[in-house]
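For the numbers below, each heavy atom of this structure counts, side chains included, while hydrogens, waters and symmetry mates do not. Numbers restart at 1 for each chain; the letters A, B, ... are given by sequence-line order, proteins then strands.
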Protein chains: 2
Amino acid sequence: MTHRTPTPDDTRYLMDTIYVIGGKWRLLIMLSLSQGHTRFSDILRSIPGITPRMLSRELKHLELNKIVVRELNDDTDNTDYRVTVYCQSFDPVVQAMVEWGRQHLENIKADQFRPRAVK
Amino acid sequence: MTHRTPTPDDTRYLMDTIYVIGGKWRLLIMLSLSQGHTRFSDILRSIPGITPRMLSRELKHLELNKIVVRELNDDTDNTDYRVTVYCQSFDPVVQAMVEWGRQHLENIKADQFRPRAVK
DNA sequence: CCGAATCCAAAATGATACTG
DNA sequence: CAGTATCATTTTGGATTCGG
């Protein structure tokens, strides 16, 4: 049984989650990191439309909240960002949202190619 | 096998989803509706902190995007808001986020009651 | 009391240029 | 490469008000 009846508490839980991952970019950054990107410029390129300003700010926020860690690579003198286990706890949320987006695009495509009745 | 390797396309799917449900209130309104609230004031009361202004605006957005429908009840002369099947397609996302929030609260509680080593 | 509109303040985000 | 600084724009929210 995968269905639960929603309770008023669910509203609180949902608010908390929205608060933590709020904004346009945090989940996208987490996804980029989980795709294996570790360097600032790589993450920047992997997320269409994000600016260095927002990436820098959001990485700082995510680091403060223990969602990512920042490491200095002594050899290459580069900064690497990595996910934490805490970040991985968002995987089900990200998966559900990615899946919704994929389905949505499929639906749009299907509707475009399906003939419609004309008035 | 429930795990997928993330692809660059996933970034696009995730962006689309964030765009559609973006903001602080939309998912909360959908949850409230799925909890059975149909009237403006009921929804308003069920979401702590939301103002009539934001609820009104977001309901309008959700209606335009076919996520909710607005019905006039002729008997009581009241407006009823109801979810659509499109709205229900977000259930997995909402469930995942509610579940994350619940776990998060449990973790916080557990940590608070677990004795810590003192320096 | 329900639902929406108006005006204004604050916060989030964007564009662009620039630094070590 | 890894960010910062500055300024413009957009989004969000508060307070108030107004008509059913």
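The CZ-C1' distance, from Arg39(A) to dG3(D), rounds to 14 Å in whole Å. The CG atom of Asp42(B) sits 13 Å away from the P atom of dC1(C) (whole-angstrom rounding). Atom-to-atom, CD1 of Ile43(B) to P of dG3(C) comes out at 8 Å; the value is rounded to the nearest Å. The distance between atom NZ of Lys24(B) and atom C1' of dT13(C), rounded to the nearest whole Å, is 16 Å. When the P atom of dG13(D) is taken as reference, atom CG of Leu28(B) falls 11 Å away, rounded to whole Å. Rounded to whole Å, atom P of dG14(D) lies 12 Å from atom CG of Leu44(B).
Within the nucleic acid shown, Asp77(A) has no heavy atom closer than 4.0 Å to any nucleic acid atom.
No donor-acceptor distance shorter than 3.5 angstrom exists from the side chain of Arg70(B) to the backbone of Glu63(B), with no hydrogens or angles considered. Checking side-chain atoms of Thr84(A) against main-chain N and O of Lys66(A) turns up a donor-acceptor pair under 3.5 Å.
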### Task
Evaluate side chain to side chain contact (heavy atoms under 4.5 Å, CB included) for Thr38(A) paired with Leu33(A), printing each intermediate quantity in order.
CA-CA 6 Å; Thr38(A) 61; Leu33(A) 289 166; 5.7 Å; no
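Between dC2(C) and Asn78(B), no contact under 4.0 Å exists linking OP1 or OP2 to a side-chain N or O. Close to dC1(C), at under 4.0 Å from its OP1 or OP2, lies no side-chain N or O of Ser41(B). Put simply, Tyr81(A) has no side-chain N or O that comes within less than 4.0 Å of OP1 or OP2 on dC1(D). A sub-4.0 Å separation between OP1 or OP2 of dT12(D) and a side-chain N or O of Trp25(B) is absent.
Between Asp80(B) and Arg82(B) there is a salt bridge, with a side-chain nitrogen of the basic residue lying less than 4.0 Å from a carboxylate oxygen of the acidic one. The pair Arg45(A)-Asp42(A) counts as a salt bridge, with a side-chain nitrogen and a carboxylate oxygen less than 4.0 angstrom apart.
In the region residues 47-62 of chain B, proximity to DNA chain C at under 4.0 angstrom, judged on heavy atoms, holds for Arg53(B), Ser56(B), Lys60(B).
Here Leu14(B) contributes atom CG and Met30(A) contributes atom CE; the two are 10.0 Å apart, rounded to the nearest 0.5 Å.
For Arg70(B), the listed nucleotide lying nearest its side chain is dG3(C); candidates were dC1(D), dT13(C), dG3(C).
If you check the side chains of Tyr13(B) and Arg102(A), you find no donor sitting under 3.5 Å from an acceptor.
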